[in-house]
Amino acid sequence: MKNILLIGSLLCLPASSVFAQDKLPEGEGKALVQKVCSSCHGLDTALEKKHTEPEWKTVVDSMAGRGAEATDAEFDLIVKYLAKNFARPGA
Ligand code: HEC
């Protein structure tokens, strides 16, 4: 029984990360977002809502509080990348 569960999770993981990678626009910070923001939840969960730059800063700060690991400079880059590529229209 345990083996079946193990195989199931091995099959799911690569599929979801390939999907997330394809969706991200190119740009400085992309690799960081992939590395830092996909360890607890899928990137599609993280990026389905768009935010203004101050809102992204709040989100990223709160993820840092939950345990996301990057330096301050890296978090800055992540916020800029998200604000540029996943900006809320009209903001
Ligand atoms: C240490 C684990 C962890 C990491 C790393 C992480 N997150 Fe999260 N994130 C969570 C958890 C847990 C939730 C669910 C929070 C909830 O239900 O309130 C979440 C939820 C979210 C949400 C939905 C927020 C909301 O308020 O509805 C967004 C957006 C998000 N994360 C973005 C990011 C981004 C961007 C990064 C990279 C900087 C990141 N996350 C890295 C743990 C993490």
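Keep in mind it's a predicted model, so treat the numbers as computed, not measured. Both ligands and their constituent atoms are indexed starting at 1 by order of listing.
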Engineer: Please assess Asp76 against Lys80 for the test salt bridge (charged side-chain N to carboxylate O under 4.0 Å, His left out), listing each intermediate value before the final yes or no.
Structural biologist: CA-CA 6 Å; Asp76 273 1; Lys80 291 216 165 66; 5.2 Å; no
Engineer: For a 4.5 angstrom cut-off between non-hydrogen side-chain atoms, does Lys84 reach Glu28?
Structural biologist: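 Not touching, per the 4.5 Å side-chain cut-off.
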Engineer: Counting C-beta onward and ignoring hydrogens, is there a side-chain heavy-atom pair between Leu47 and Leu82 closer than 4.5 Å?
Structural biologist: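 Of all side-chain heavy-atom pairs linking Leu82 with Leu47, at least one is under 4.5 Å.
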Engineer: Would Met63 count as a contact for atom 8 (Fe) of ligand 1, in the sense that one of its N, O or S atoms lies under 2.8 Å from it?
Structural biologist: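 For Met63, the answer is yes, given that an N, O or S atom comes within less than 2.8 Å of atom 8 (Fe) of ligand 1.
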Engineer: Short list, please: which atoms of ligand 1 are under 4.0 Å from a heavy atom of Val36?
Structural biologist: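 Close to Val36: 5 (C), 41 (C).
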Engineer: Specify which N/O/S atom of His41 comes nearest to atom 8 (Fe) of ligand 1, by atom name.
Structural biologist: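 Atom name of the closest N, O or S in His41: NE2.
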Engineer: Is there a polar contact, in the sense of an N or O pair closer than 3.5 Å, between Lys49 and ligand 1?
Structural biologist: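 Such a contact does not occur with ligand 1.
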Engineer: Taking the non-hydrogen atoms of Leu47, is any one of them nearer than 4.0 angstrom to ligand 1?
Structural biologist: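 In this structure, Leu47 fails to qualify as a contact of ligand 1 - no heavy atom is under 4.0 Å.
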Engineer: Output yes when a side-chain donor or acceptor of Thr58 lies under 3.5 Å from a complementary backbone atom of Pro54, and no otherwise.
Structural biologist: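 Yes, because the side chain of Thr58 sits within donor-acceptor range (under 3.5 Å) of the backbone of Pro54.
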Engineer: Is atom 8 (Fe) of ligand 1 less than 2.8 Å from an N/O/S atom of Cys37, whether that atom is in the backbone or a side chain?
Structural biologist: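 No, Cys37 does not qualify, because none of its backbone or side-chain N, O or S atoms lies under 2.8 Å.
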Engineer: Of all heavy-atom pairs between Glu69 and Val36, which one has the smallest distance, and what is that distance?
Structural biologist: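 Result for this residue pair: O-CG2, 3.7 Å.
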Engineer: Using a 4.0 Å cut-off to any heavy atom of Leu82, which atoms of ligand 1 qualify?
Structural biologist: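 Here the atoms of ligand 1 in question are 35 (C).
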Engineer: At their closest point, which heavy atom of Tyr81 faces which heavy atom of Gly27, and how far apart are they?
Structural biologist: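 Looks like CE1-O, 4.0 Å.
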Engineer: Using every non-hydrogen atom in the two residues, find where Pro25 and Phe86 come nearest and quote the distance to one decimal.
Structural biologist: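 Of all heavy-atom pairs spanning Pro25 and Phe86, the closest is CD-CZ, 3.8 Å.
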Engineer: Is atom 7 (N) of ligand 1 close to the protein, meaning a heavy atom under 4.0 Å from it?
Structural biologist: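 Flag for atom 7 (N) of ligand 1 set to true, protein heavy atom closer than 4.0 Å.
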Engineer: Please compare Arg66, Glu55, Glu74, Gln34 and report which has the shortest non-hydrogen distance to atom 12 (C) of ligand 1.
Structural biologist: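 Selected option, by shortest heavy-atom distance: Arg66.
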Engineer: I need the Lys49 NZ to Glu55 CD distance, nearest 0.5 Å.
Structural biologist: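 Rounded to the nearest 0.5 Å, the NZ-CD separation comes out at 10.5 Å.
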Engineer: Looking at Val59, which atoms of ligand 1 are within less than 4.0 Å of one of its heavy atoms?
Structural biologist: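 What qualifies from ligand 1 is 28 (C), 29 (C), 30 (C), 32 (C).
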Engineer: Which is closest to atom 28 (C) of ligand 1 in terms of heavy atoms, Ala68, Ser39, Ala46?
Structural biologist: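 It is Ala46 whose heavy atom sits nearest to atom 28 (C) of ligand 1.
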Engineer: Within a distance of under 4.0 Å, is there any protein heavy atom near atom 25 (C) of ligand 1?
Structural biologist: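 No, because not a single protein heavy atom sits under 4.0 Å from atom 25 (C) of ligand 1.
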Engineer: Would atom 32 (C) of ligand 1 count as contacted, meaning some protein heavy atom under 4.0 Å?
Structural biologist: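 Looking at atom 32 (C) of ligand 1, one finds that a protein heavy atom does lie closer than 4.0 Å.
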Engineer: Tell me the closest heavy-atom pair linking Val79 and Lys57, and the distance in Å.
Structural biologist: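 Closest approach of Val79 to Lys57: CG2-CA, 3.9 Å.
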Engineer: In the protein, which heavy atom is nearest to atom 1 (C) of ligand 1, and how far is it?
Structural biologist: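 Of the protein heavy atoms, Cys40 SG, 2.8 Å lies nearest.
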